[in-house]
Structure formats: C-alpha cells, structure tokens
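Side chains included, hydrogens not; waters and symmetry mates left out as well; all remaining heavy atoms used. Naming convention: chains lettered A, B, ... in sequence-line order (proteins, then strands); numbering from 1 in each chain.
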Amino acid sequence: MKIESKITEAVKAIVEELYGQQVPDKMVQLQQTRPEFEGQITLVVFPFTKMSHKAPDATAQEIGERLVEKLPDVISKFNAVKGFLNLSISSRQWISLLQEIESNPKFGFVPVTDESPLVMIEYSSPNTNKPLHLGHVRNNLLGWALAQVMEANGNKVVKTNIVNDRGIHICKSMLAWLKWGNGETPETSGKKGDHLIGDYYVAFDKHYRDEVRELVEKGMDEEQAKQEAPLIKEAHEMLVKWEQNDPEVRGLWKKMNEWVYAGFDETYKALGVSFDKIYYESETYLEGKEKVEEGLAKGFFYRREDGSVWADLTSEGLDEKLLLRSDGTSVYMTQDIGTAKLRFQDYPIDKMIYVVGNEQNYHFQVLSILLDKLGFKWGKDLVHFSYGMVELPNGKMKSREGTVVDADDLIATMIADAKELSADKVNKLEGITDEEAQEIARIVGMGALKYFILKVDARKNMLFNPEESIDFNGNTGPFIQYTYARIRSILRKWNDEITLDEKAFEVELAEKEINLIQRLQGFEAAVKQAGQDYNPSCIANYCYDLVKEYNQFYHDFSVLKEEDKAKQQVRLMLSAAVGQVVKNGMGLLGIEVPERM
RNA sequence: GGUCUGGUAGCUCAGUCGGAUUAGAGCAACAGCCUUCUAAGCUGUGGGUCAUGGGUUCGAGUCCCAUCCGGAUCACCA
C-alpha cells in the first residue's frame, strides 16, 4: 500500500476521533514538503481548522501527535508550521516503496480487463491528394500517445483512421496526371507515391490559377472565372463520373490512391503509428443519409422548400446546420454521422475520441448533439481532442504559399541531424556498427521530434522554427534518452549487485534520494491525469522533471564504489527504477529509449 | 458582431485540487566543472507588474466578472 494512502486513511480516522466529522479523501491534501522545512510529506491542515475551532498550528500539532501514535512504522517525527504539518517518513518505508516500483515493469499502468470500457480513437484522417505535413505529424503523434495513455488507464482501445479518399481534390490530382503525367508512376519517377500525387495537385492548382487569371484579364469577374475555368469544370465532370461509378475513372482513382497509401504507410511507419481499423470515406459517405432520413422522420430535422435538410440547433445556442444538399447529396456532417453508424456496428463503443484540429471545434459540438439525438449512447459525451495549429515563424503553414513543412523531409532531417551530432561524440560509441549507429540516430532523431511536439499542451497553438526549434540540448527528447542510456550503462556494469538484503532497509536515505522516490511514485498520478485531461503533455513534462532530478543526483553517484554495499544496492535500485519509469513514460508517448547512444 | 480559445522571463514552454515571505525549466548571454559507471551532462550569475482592473477567502498565475490584445469558427467546402 502506498505511503500516502496510509496517511490519508489515518488522517481521516483522526479527524473523526478529534472533531467528530467524516471528511472526504480530497480534503486530506498531501504534498511534498518544501526543501527548507524538515520532513518529506506535508499535510495541509487549513481545511480542518473550521472543525477544530483552533488556530492552524495548534490543529496541526494535535493531528501530528495522533498520527505518530497511529503510524509509528511510517512516520518517525513531525513538525507544524502554521497550517502545514510536515511529516518525516522512515527510510524503511521509502525503500520498500522503491522495491515495489522497481519490481513492477507495468508500474503506473492500470491493467485492461474484459470489463474495461472500449474507447475508439480516431486520428490522422488524411486527404489522399497530398503528402503529410507537420500539422499531420502533430495529429498522428498526439493520437498515438493518447491511445497509449488511454490503454494505460485501463481502457480497451481501438485506433481508427478515416481516410478522405474521394472528392474534388482527388479529381484535381487525377486530371493533372492524365494531362501532364505521361504515365509517370512512383517506380518510373522514383518518387514516393503521396509526393507524386501531391505534385500533380500542385500542378493542377498552378494551371488553374493561370486559367482564372486569363479569364479575369478578358474581363470576367473573379468569382465567376473560378467557376468557369475549363480545368475546374473538367474536374467536376470527373467527380460526377466517379460518383456514377465510371469504370475508367474509378480504375485510375484506385490506382493513384494505392500509390498514396503506399507512401502514407512509409510515413506512418517512420512515425511509429498504426491503426486497428481504417475506414474510407468512399465507403462511408453514403451511409449518413439513411440516419438523416431517420431523424427527419422522427422530427429532429426539417426539410426546406428546395429539398435541403437541416437541423435546427438554435435551442442549443447554435445555428442551423445543413445535413443534405438540395440535390440530395451529403455534406461533411452527414458523412461523419454515417461513419459513426458503421463504427458502432463494428464495435461496442463506450467512448469515442476524435483527434482533430481546433478549427473544427464547432463541427464537433454540432456532431455531438446530432449523434445524441440520433440515439448513439456515446454521442453526448464524445471527446473532441482538439489540438492547436502548428505555426511557423513567418506565420501559418499554407500549402499554396509553399510554407508547409513536409513530414518526410522533416523526419529525414531530424535523423540526419542526430547522426551528425553523434558523430562528434563517436569516442563514446567505439565498436558499434554502422547499422547500430543508424538505428541510434533514428531513435534519437525521432525522439527529438516527438518530444518537441508532445511536450507542448495539445490545446495550444505551437510555434515550430525549423532552424532553431529542435534542439538536442535542454528540455528535449534526446536529453531524456541520454539519461536512460547512461542508466543502462550503469546497470550493465553493476547489475549483479542489485539484490536487496535486510541491511539495505536500514540505510539512511539522503534528501535527494527521497525526493526522487517520491517523484517516481508520482508517475501513477501523471498517467491518470493524462487520461482524465486527454493530455499527453503532462507525461512528457513528468519525464523531464524526473530525469532532470536524477541527473543532478547522478553527480553524487561517483562515490558509489567507496560506499558500503547496502547503500550501493539502494542506489542501483533507484537508478533501475528511474530507468524503468522513464521507459514507461516515454513509451506512452511513442518515444523509444536507446540502450546506448 | 455571436460562439470558442489563448495571453507567464528577450524567445520556446511548464506550473497538479487554490497553498508556505523567493512563480519554475530550457534556449540565448556570461563564469566555472571531463585521470573516477556516457560532458547530448552538471554548477553558478543576470533576466518577471503571471495582459489590465475589480471580486471571492485564511491564501489567487490558478476560481468569478469586466476590459484590452491575439487565434479559430460561424459555407449547399472537406
């Protein structure tokens, strides 16, 4: 049993004895004692002063005396400062706690059982007309990390992806390829499939803008020119053919999408993300209509004179929302309803989490209400895991202006940088093969990228400076990985020494060591909080704080050889436990930790 | 304009449920530390009106209200 739980229970009993009142757990506020005071755990007694009718310090004194009587093995002494009751915990307690942490490889995780709720997480959700960029990277990393966190909190997790594989944007790429592609394929061009298609999308846009400009020069209104340009008309014709299942168009569409998927798979693999179930919009986009008709029949929605179907959400404080166009075709919202329907057929979903940018906050607010009205039990409290945009120093990323950061380029750059950096430190890594060096560079480069993105609060917009932002010093992934590698190095040399005997329990622990154990214990809370707030960033910051504290401690470690055996064992155990927790924490973020670097 | 969201050091970011006369990291600047398990590290110095004003209370960066500034969104686009 955790030390804090023991204390919490004892305090509750004492308060009842002394003041005759039962108090809830959360009224017993325990925190780490400030370094300038004696003790390790502090009870905040202010909440109890109203019951005791005594001054804060008198109340603290009173509770302290009873605590020592009640838990003599746990609390060695106490002191009261104002309303703060500082408790000194015996070394024996700390060391057995350490032992618990070290011996449990799943420390901090709640096991998943048959009764666990099923959480579905949708993330990534790319369009198939262009390669992934930095914004997608943030989405993918957050989605993956969140899936890990939810699982660590004892949920069954299904990771899903809805691929937007149809629509006018795909037709643009297809058309451009037909016109100017000369049958180019990923094989003949040597380009990754998604980049190849992306290039044709750009080509379309360029020619299209030329056409629009020409029309405007001839005196046409710009809005009209955008509608009338031959290329866009042709693209629309292609879309109509696609919807009519024209074999030729469908064949081309299929072929080009396969190229894109092959490209995406490479990027996903490099990012270390995967999915349990992929949905394609081409297969789900018609599904929503049925549900809308159902809602119409039940009177949730209404039809206007022109035939379009709307939901009136003004009573919810929102606007009216279009669900079916006047020509009967579906819109974005309808498709999401359809996808929800299919998903619920496939899985007994208890909770649905959508990892989608904050630009769609309104959309998901509406979707939640609509799904609820349509009878999805998880609709009302679906979670829109809404993350902020990634900004560049000169503003936002805009594909049209060429200010996007391509995911594949970024990954390659990070790994190359890591390799270059480690080349300077090559003296440390004598005797490793090129393959090993490459693998370490991959782990470190990706670690830097992932940590950089995940350490920031997901909700906030973040700034990404390609030149300066990613650093391998300071609060970074490599710093944490480096510490892990050093711990592994220590353990490789000393591993046999970790066999805690009875004598070790008598070791007097230094302040720093106790702080570290307390921090290790805090991992559980960090995981729990990340699950509650749907926010992986607190895990990242936890890992950093832990490693930072360990690193400071590490400098006193050199006396190890001269220390007595028992103290060595405790310290090695402490290192092992830190390594373990770091590995668990980074694992939740999808960041690998290297054995050496 | 309505709704949502953010504002903490020159820059990028933490800050748990409201807790301790002194709000933390990193980067950048300056000064130290490599015969001892990895210096991608450690130690020190300087740098703050927690946007502004009010309120709630034993106590506010944290909660409430107002104001200022930024961002998103409010399509028969996805």
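- The heavy-atom pair separating A/I415 from A/Q438 by the smallest distance is CG2-NE2, 3.8 Å.
- Comparing the same atom, P, in B/C30 and in B/C50 gives a spacing of 29 Å after rounding to whole Å.
- Distances were taken from every side-chain heavy atom of A/E281 (C-beta onward) to each of B/G41, B/A20, B/A78; the shortest belongs to B/A78.
- When the side-chain nitrogen and oxygen atoms of A/S489 are compared with OP1 and OP2 of B/U38, one or more of them lie within a distance under 4.0 Å.
- Salt bridge present: A/E513 and A/R571 bring a charged side-chain N and a carboxylate O closer than 4.0 Å.
- With distances taken from any side-chain atom of A/Q529 to the nucleotides B/U16, B/C42, B/A78, the minimum falls on B/U16.
- Distances shorter than 4.0 Å separate none of the side-chain N or O atoms of A/K548 from OP1 or OP2 on B/G41.
- Comparing the P positions of B/C64 and B/U16 gives a spacing of 14 Å, expressed to the nearest Å.
- Look at CD on A/Q365: it is 16 Å from P on B/G2, rounded to the nearest Å.
- B/C65 and B/A25: their C1' atoms are spaced 33 Å apart (whole Å).
- Spacing between atom OH of A/Y354 and atom P of B/A78 amounts to 17 Å, rounded to whole angstrom units.
- Atom-to-atom, CG of A/N358 to C1' of B/U3 comes out at 14 Å; the value is rounded to the nearest Å.
- A/R166 forms a cation-pi arrangement with A/Y285, by the criterion of a distance under 6.0 Å to the ring centre and an angle within 45° of the ring axis.
- The nearest whole Å value for the distance from the OH atom in A/Y387 to the P atom in B/G6 is 17 Å.
- Proximity of A/Q481 to the phosphate of B/A40: no side-chain N or O atom is located under 4.0 Å from OP1 or OP2.
- Between A/I162 and A/E122 there is a side-chain heavy-atom pair separated by less than 4.5 Å.
- Residue A/K528 places its NZ atom among 12 or fewer non-hydrogen atoms of other residues, nucleotides or ligands, all under 6.0 Å distant.
- Of the candidates B/A40, B/C42, B/G26, the closest approach to any side-chain atom of A/P478 belongs to B/A40.
- Comparing the same atom, P, in B/U57 and in B/G18 gives a spacing of 16 Å after rounding to whole Å.
- A/D533 comes within 4.0 angstrom of nothing in the nucleic acid, heavy atoms only.
- Taking atom P in both B/C13 and B/A9, one finds a spacing of 12 Å when rounded to whole Å.
- Taking only side-chain atoms of A/R596, from C-beta outward, the nucleotide of B/A78, B/U38, B/U43 with the closest atom is B/U38.
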Discussion item. Walk me through whether A/F479 and A/Y544 qualify under ring pair (Phe, Tyr, Trp, His ring centres under 6.0 Å).
Written reply: CA-CA 8 Å; A/F479 169 68; A/Y544 176 70; 5.6 Å; yes
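- Heavy atoms from other residues, nucleotides or ligands lying under 6.0 Å from CZ of A/R459 number 12 at most.
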Write out a two-atom table: protein N or O, nucleotide N or O from nucleotides 12-14 of chain B, distance below 3.5 Å.
{"residue": "B/C13", "atom": "OP1", "partner": "A/L463", "partner atom": "N", "Å": "2.8"}
{"residue": "B/A14", "atom": "OP1", "partner": "A/D457", "partner atom": "N", "Å": "2.4"}
{"residue": "B/A14", "atom": "OP2", "partner": "A/K460", "partner atom": "NZ", "Å": "3.1"}

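- The nearest heavy atom of RNA chain B to A/R166 and to A/A485 marks one nucleotide each, and the one closer to the 5' end goes with A/A485.
- Across B/G44 and B/U5, the matching P atoms stand 40 Å from one another, rounded to whole Å.
- By the 4.5 Å heavy-atom criterion applied to side chains, A/L324 and A/L296 are not counted as neighbours.
- Remark: A/K583 NZ is loosely packed, at most 12 non-hydrogen atoms of other residues, nucleotides or ligands lying under 6.0 Å away.
- A 4.5 Å side-chain heavy-atom check between A/L142 and A/R138 finds at least one atom pair inside the cut-off.
- As judged by a 4.0 angstrom heavy-atom cut-off over every strand, A/Q360 is placed among the base-contacting residues.
- Around CD of A/E228, the count of heavy atoms belonging to other residues, nucleotides or ligands within 6.0 Å exceeds 12.
- For the pair A/R303 and A/W310, the cation does not sit on the ring face, since its NZ or CZ is not both under 6.0 Å from the ring centre and inside 45° of the axis.
- Rounded to whole angstrom, the span from the CD1 atom of A/I487 across to the C1' atom of B/C37 amounts to 12 Å.
- Mapping A/R459 and A/T42 onto RNA chain B by nearest heavy atom places A/R459 at the nucleotide closer to the 5' end.
- Atom name C1', nucleotides B/U52 and B/G6: the rounded distance is 16 Å, in whole Å.
- Listed nucleotides B/G41, B/C37, B/C4 differ in distance to A/K493; the shortest reach to its side chain belongs to B/C37.
- Side-chain N or O atoms of A/Q481 include one that pairs as donor or acceptor with a backbone N or O of A/E592 at under 3.5 Å.
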Worksheet, complete the sentence: Parsed dot-bracket for RNA chain B after applying the Watson-Crick and G-U rules with both distances under 3.5 Å and | for other-strand partners is (((((((..((((.....[....)))).(((((.......))))).....(((((..]....))))))))))))....
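- Between A/R325 and B/A78, a side-chain N or O to OP1/OP2 separation shorter than 4.0 Å is present.
- Between A/L322 atom CG and B/C74 atom P there is a gap of 13 Å when expressed in whole angstrom units.
- Here the nucleotide nearest the side chain of A/N551, chosen from B/C37, B/A40, B/C42, is B/C42.
- Distance from the side chain of A/V331 is smallest to B/A78 among B/A40, B/A39, B/A78.
- Taking the O4'-C1'-N9-C4 or O4'-C1'-N1-C2 dihedral as appropriate, B/C11 has a value more than 90° from 0 and is therefore anti.
- Atom pair A/L491:CG and B/U38:P shows a separation of 11 Å (rounding to whole Å applied).
- Residue A/Y362 is classed as a sugar-phosphate contact, given heavy-atom separations below 4.0 Å to backbone atoms only.
- To the nearest angstrom, C1' of B/A72 lies 15 Å from CZ of A/F364.
- Between B/A20, B/C42, B/A78, one nucleotide has an atom nearer to the side chain of A/F479 than all others, and that is B/C42.
- Going from the C1' atom of B/C68 to that of B/C42 covers 44 Å, rounded to whole Å.
- Here the nucleotide nearest the side chain of A/F472, chosen from B/A40, B/A78, B/C42, is B/A40.
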Distances under 3.5 Å only, N/O to N/O: pair up the protein atoms with those of nucleotides 27-30 of chain B.
none

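- When side chains are defined from C-beta on, A/S173 does not count as touching A/V260, because their heavy atoms never get closer than 4.5 Å.
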Discussion item. Under the criterion side chain to side chain contact (heavy atoms under 4.5 Å, CB included), I'd like the reasoning laid out for A/N164 against A/N129: C-alpha separation, chi angles, the key distance, then a yes or no.
Written reply: CA-CA 9 Å; A/N164 183 12; A/N129 63 322; over 6 Å; no
